[in-house]
Participant: 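To start, I am sharing the structure in question, which I have written as structure tokens.
Note that the structure is predicted; figures quoted are calculated from it, not measured. We count ligands from 1, going down the list as the structure has it; atoms in each ligand are counted the same way. Sequential numbering from 1 along the given sequence is applied to the chain's residues.
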Amino acid sequence: MNLMYNSTRNAGKQVTASQAILKGLAEDGGLFVPERIPALDIPLASLAGMSYQETAYVVMKQFLTDYSEEELKDCIRRAYDDKFDTEEIAPLREAGSAYYLELFHGATIAFKDMALSILPYLMTTAARKNHETREIVILTATSGDTGKAALSGFADVPGTRIIVFYPKHGVSPVQEKQMVTQKGANTCVIGILGNFDDAQSGVKRLFADQKLGEELSEQGFCFSSANSINIGRLVPQIVYYVYSYGRLLKDGILTSGEPMNVVVPTGNFGNILAAFYAKNMGLPIGKLICASNENKVLFDFFETGVYDRNREFVLTSSPSMDILISSNLERLIYHASGRDAAMNASLMRQLSESGRYTVTDEMRAQMCDFAGGYATEEQTFEEIRRVFNESGYILDTHTAVASRVYHEQFAKDCGSVPAVIASTASPYKFARSVMTAIDQEKYGVMDDFGLIDELQKLAGVPIPRAIEEIRNAPVLHRTVIEKNEMESAVKRFLLS
Ligand SMILES: *Cc1c(COP(=O)(O)O)cnc(C)c1O
């Protein structure tokens with residue numbers, strides 16, 4: 001029996017996993033969720049002996065039940081190969097009194113690679129299984145890291161095209177350079193004069209536009225998504241939490257069944273939702289600590305039960321978390337409502353109409369595993385400095401938000417339960433912020449690549465290939481548009 005998926009806004013209509021991946025977003029604007037969260041079907045103790053790829057298989061086969069064993073193993077093998085600069089794929093690194101789960105060893109040095117290196121394989125396999133003959137057009141909104149990871153995954157993949165929208169003034173210089181130098185005739189990168197929420201809402205509108213859908217379908221195209229609204233992003237992200245538990249067992253930090261806590265620097269709520277799914281599969285996770293930067297809409301939500309996006313959007317040094325509408329929260333809301341699609345749809349309508357909604361006390365009780373915290377810009381820089389001075393380990397700005405939140409607000413109460421902090425980007429990707437956090441006077445005057453060379457001296461780890469690649473790469477994408485011009489930009493790329 002296949003595990004089926006339905007929209008968070010309509011539980012009546014079910015699709016298989018491969019259909020959900022192919023569609024990306026449900027037609028009613030909802031997100032696909034599995035009808036139940038499946039349990040891990042192996043003894044926890046066996047995780048200690050498993051490689052990343054083996055762990056990926058035991059987790060993903062529970063969710064993607066209409067993929068054959070051969071198909072799934074083939075996707076995993078092709079995704080988690082020497083595109084990653086370490087065989088461990090996601091090493092767990094102890095520094096200070098926490099464990100940093102390094103999710104940045106892939107092609108674009110941010111955690112998006114963990115899922116986006118496998119999504120193109122899952123997607124093209126899904127197209128084959130469902131006899132989809134149209135060309136798949138991946139529409140992506142990015143706060144900086146998804147864009148490059150998706151471009152790198154889908155570039156020159158036959159049968160696909162990819163269009164990425166990023167906030168022109170809302171990403172780091174390295175992030176922008178990585179995207180606008182992307183090669184591949186099927187790629188298109190567009191800056192919009194707006195923020196990430198504008199890009200994401202615009203993409204969702206394009207998905208919902210039936211007239212556009214039909215027009216492009218006649219021309220042989222169908223849309224899908226590489227954002228974490230696609231369940232094909234979420235499932236591969238569950239894997240590394242399960243893997244990290246195996247590492248803690250192997251190193252004798254935990255014995256089988258003892259809990260770990262998880263701390264996640266959060267934006268669109270995809271990464272931490274994957275940890276929630278891992279917990280519901282039976283992985284012993286205690287707290288799910290959701291760390292925000294100054295855009296602390298999620299912190300306020302967990303404190304009060306009120307989600308309110310009506311506030312100033314702050315550009316911070318952790319741009320991949322500069323988000324006021326966290327899409328994946330919808331999946332948690334649906335779950336916490338007891339899978340009440342009508343209730344969820346009504347809350348989401350309130351969000352789009354008034355920018356806010358309030359959940360019931362019963363729903364809050366269902367979310368009690370989550371705890372929120374946030375760090376200001378100054379606290380984030382302090383944390384980078386503190387960890388570097390105390391252990392020589394260099395955090396990127398996003399990881400530093402999580403690290404600060406954990407150490408300041410939670411470590412005391414967590415006793416001996418180990419904390420796994422999701423380390424979501426390489427410090428090289430945010431070299432300017434990281435280096436000026438360490439020493440403003442010395443590094444504040446240097447240019448971006450000068451800073452990267454200095455970072456290399458301090459960190460003592462080689463400069464990632466992803467950085468060397470862009471040092472002298474020519475800019476290939478220069479289009480910048482108003483935020484209401486997204487539809488015409490899509491048509492121009494596909495139809496001309
Ligand atoms: C995307 C991203 C995040 C936020 O992850 P979500 O799944 O959107 O919550 C945090 N840090 C970095 C470096 C990212 O790229």
Side-chain angles (χ1 to χ4, degrees), residues 31 100-116 119 140-152 164 166-167 170-172 174-176 178-179 196-197 199-200 225-231 233-238 240-241 262-278 288-293 295-299 301 316-332 370 372 374-375 380 384 395-405 421-431 433-434 464 466:
L31 278 59
Y100 293 90
L101 178 59
E102 293 188 349
L103 303 174
F104 54 76
H105 289 273
T108 75
I109 60 176
F111 98 94
K112 305 298 194 294
D113 290 323
M114 302 307 297
L116 282 163
L119 185 67
T140 300
T142 183
S143 55
D145 290 327
T146 294
K148 180 61 185 188
L151 287 162
S152 145
V164 169
Y166 73 96
V171 301
S172 85
V174 171
Q175 286 178 316
E176 180 170 37
Q178 278 189 307
M179 289 189 278
F196 171 72
D197 288 324
Q200 174 160 262
S225 167
N227 282 102
S228 53
I229 51 177
N230 193 319
I231 195 77
R233 273 280 301 278
L234 220 48
V235 170
Q237 291 177 186
I238 302 168
Y240 45 76
Y241 292 108
V262 162
V263 192
V264 185
T266 297
N268 224 359
F269 208 73
N271 200 358
I272 196 165
L273 189 75
F276 174 77
Y277 277 26
L288 298 156
I289 299 169
C290 172
S292 300
N293 65 21
N295 295 291
K296 60 182 185 55
V297 64
L298 288 165
F299 169 77
F301 172 68
T316 73
S317 60
S318 44
S320 303
M321 299 160 69
D322 290 346
I323 292 176
L324 293 179
I325 307 174
S326 296
S327 282
N328 273 290
L329 189 65
E330 178 169 349
R331 287 186 165 113
L332 180 65
F370 287 88
Y374 73 97
T380 305
I384 291 172
L395 305 178
D396 98 287
T397 44
H398 304 74
T399 310
V401 167
S403 184
R404 170 74 181 210
V405 163
I421 299 177
S423 182
T424 50
S426 159
Y428 282 105
K429 206 158 185 176
F430 302 94
S433 299
V434 168

Participant: Who are the residue neighbours of ligand 1 when the rule is a heavy atom under 4.0 Å from any of its atoms?
Facilitator: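 Correct list: F111, K112, D145, P265, T266, G267, N268, F269, G270, N271, S320, M321, H398, T424, A425.
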Participant: I'd like to check Y100 versus S403 (side-chain heavy atoms, cut-off strictly below 4.5 Å). Are they in contact?
Facilitator: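 Side chain of Y100 against side chain of S403, heavy atoms only: contact under 4.5 Å found.
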Participant: With a 4.5 Å heavy-atom cut-off, do N328 and L234 have their side chains touching?
Facilitator: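 Yes. Closest side-chain heavy atoms under 4.5 Å.
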Participant: Return the OH to CD1 distance between Y277 and I231, rounded to the nearest 0.5 Å.
Facilitator: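 Result: 5.0 Å between the selected atoms.
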Participant: So Y240 and N271, side-chain contact (heavy atoms from CB on, under 4.5 Å) or not? Walk me through it.
Facilitator: CA-CA 10 Å; Y240 45 76; N271 200 358; 2.6 Å; yes
Participant: Got more than 12 heavy atoms from elsewhere within 6.0 Å of OH, Y374?
Facilitator: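 Count not over threshold, so no.
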Participant: Applying side-chain contact (heavy atoms from CB on, under 4.5 Å), name anything that partners F104, two or more places apart in sequence or on another chain.
Facilitator: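 Here the qualifying residues are E102, S423, S426.
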